[in-house]
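Structure first, then comments.
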Amino acid sequence: MIKVATFLSVVCLNVFPTTAYSQEWSYDQKKVWTNVVTYWDLSSKGDIEGFLGYFHKDFSGWDNAQALPDDLAARTKANRYDNSNRKWIFHALKPLSIKIHGGIAIVQYSYTSVTKYKEEEEKSEQGRWTDILMRKGKKWIMIGDHGGATPED
């Protein structure tokens with residue numbers, strides 16, 4: 001428990017926006033970011049159907065850990081398996097860039113997470129993602145992404 005508490009205090013100092021990194025987001029950028037936070041929260045709570053509700057049927061993405069890009073069917077299968085074997089302890093997101101071009105948004109952010117897989121110790125991870133979202137009504141859905149954990153050097 002001390003290990004997690006120490007890790008969380010370091011995360012709070014390094015991940016949460018500070019005055020030096022803060023910027024004013026437009027209304028649309030805030031709405032896009034709210035969607036990103038929402039689908040991360042849904043995934044961390046094990047609500048895979050809710051999480052997948054933020055993916056376009058023609059989604060294409062590329063996780064750093066994968067040799068090739070995947071589609072919605074592959075991502076669905078991987079997320080269902082992963083969440084049945086993993087418990088989320090903590091996650092924090094930090095927006096770095098949100099560009100909106102009409103009905104398309106490009107969101108770049110970093111993350112820190114602590115998870116526990118069955119029969120394993122808690123694992124902390126840091127990484128980054130670029131999510132490409134498309135406006136669908138009042139919701140922004142993911143049409144593509146790229147990223148994942150940063151390599152441990």
Side-chain angles (χ1 to χ4, degrees), residues 7 11-12 14-18 20-118 120 122-153:
F7 175 76
V11 167
C12 289
N14 292 307
V15 173
F16 294 113
T18 62
Y21 291 105
S22 68
Q23 55 184 302
E24 291 297 317
W25 299 106
S26 71
Y27 174 81
D28 286 337
Q29 288 171 313
K30 289 176 186 176
K31 294 303 279 182
V32 167
W33 184 245
T34 296
N35 275 246
V36 174
V37 170
T38 298
Y39 56 72
W40 269 78
D41 287 347
L42 289 167
S43 179
S44 71
K45 293 175 186 172
D47 183 353
I48 297 304
E49 297 312 313
F51 172 68
L52 294 171
Y54 282 85
F55 283 71
H56 190 275
K57 65 180 178 161
D58 291 326
F59 167 84
S60 178
W62 200 344
D63 187 302
N64 289 340
Q66 304 301 321
L68 298 169
D70 62 7
D71 60 11
L72 181 57
R75 192 65 64 96
T76 297
K77 184 177 180 180
N79 277 278
R80 285 193 176 130
Y81 173 81
D82 196 44
N83 271 347
S84 68
N85 290 291
R86 173 180 61 177
K87 177 182 177 189
W88 287 79
I89 310 296
F90 170 83
H91 72 273
L93 308 176
K94 181 178 181 181
L96 302 172
S97 174
I98 303 172
K99 303 289 185 186
I100 300 174
H101 305 279
I104 301 294
I106 302 167
V107 185
Q108 294 169 316
Y109 58 96
S110 63
Y111 73 90
T112 300
S113 66
V114 177
T115 58
K116 183 176 183 344
Y117 286 85
K118 293 179 181 177
E120 293 181 14
E122 291 178 356
K123 176 186 172 188
S124 63
E125 177 178 286
Q126 293 185 345
R128 58 186 172 252
W129 282 99
T130 296
D131 293 351
I132 304 162
L133 307 173
M134 180 174 70
R135 187 186 336 247
K136 186 174 182 182
K138 293 184 179 183
K139 190 174 182 179
W140 289 86
I141 60 172
M142 196 177 328
I143 58 174
D145 71 2
H146 178 72
T150 52
E152 295 179 22
D153 292 331

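- Looking at Phe59 and Ile143, their side chains never come closer than 4.5 Å, going by heavy atoms from C-beta outward.
- Panel note: side chain Asp82, backbone Ala78; no donor-acceptor pair is recorded below 3.5 Å.
- With rounding to the nearest 0.5 Å, the separation of CD in Gln108 from NZ in Lys99 is 9.0 Å.
- Remark: side-chain polar atoms of Thr150 are paired, donor with acceptor, to backbone N or O of Gln126 under 3.5 angstrom.
- Pairing each heavy atom of His101 with each of Ile106, the nearest pair is CD2-CD1, 4.4 Å.
- Although no hydrogens or angles enter the test, the distance criterion places a donor-acceptor pair under 3.5 Å between the side chain of His146 and the main chain of Trp62.
- Closest heavy-atom contact between Ala149 and Asn64: O-ND2, 3.4 Å.
- By the 6.0 Å contact criterion, CZ on Arg86 is enclosed, its count of non-hydrogen atoms from other residues, nucleotides or ligands being greater than 12.
- With respect to Tyr109, the side-chain contact (heavy atoms from CB on, under 4.5 Å) criterion is satisfied by exactly one of Thr130, Val37, Val36: Val36.
- Annotation: side chain of Leu93 is in contact with side chain of Trp33 (closest heavy-atom distance under 4.5 Å).
- Atom CG of Leu42 and atom CG of Asn83 lie 10.5 Å apart (nearest 0.5 Å).
- For Lys87, the NZ atom counts as loosely surrounded, since its 6.0 Å shell holds 12 or fewer non-hydrogen atoms of other residues, nucleotides or ligands.
- Rounded to the nearest 0.5 Å, atoms CG (Asp145) and CG (Asp70) are 7.5 Å apart.
- With values rounded to the nearest 0.5 angstrom, Leu52 atom CG is found 4.5 Å from Thr76 atom OG1.
- Side-chain N or O atoms of Lys116 include one that pairs as donor or acceptor with a backbone N or O of Glu120 at under 3.5 Å.
- At distances below 3.5 Å, not a single donor-acceptor pair connects side-chain atoms of Arg135 with backbone N or O atoms of Val32.
- For the atom pair Asp63 CG and Leu68 CG, the distance stands at 12.0 Å (nearest 0.5 Å).
- Counting only heavy atoms from C-beta outward, the side chains of Asp41 and His91 approach each other to under 4.5 Å.
- Two residues are said to be in side-chain contact when any heavy atoms from C-beta on lie closer than 4.5 Å; Leu133 and Val107 meet this criterion.
- Looking only at side-chain heavy atoms (C-beta outward), Trp140 and Thr34 stay at 4.5 Å or farther from each other.
- Atoms OG and CD, from Ser113 and Glu122 in turn, are 11.0 Å apart once rounded to the nearest 0.5 Å.
- Ion pairing between a basic and an acidic side chain is recognised when a charged N comes within 4.0 Å of a carboxylate O; Arg80 and Glu49 show such pairing.
- No donor-acceptor distance shorter than 3.5 angstrom exists from the side chain of Ser43 to the backbone of Tyr39, with no hydrogens or angles considered.
- By the 30° and 60° cut-offs, the orientation of the rings of Tyr111 relative to Trp40 is tilted.
- With a 4.5 Å cut-off on side-chain heavy atoms, Tyr54 and Met142 do not count as touching.
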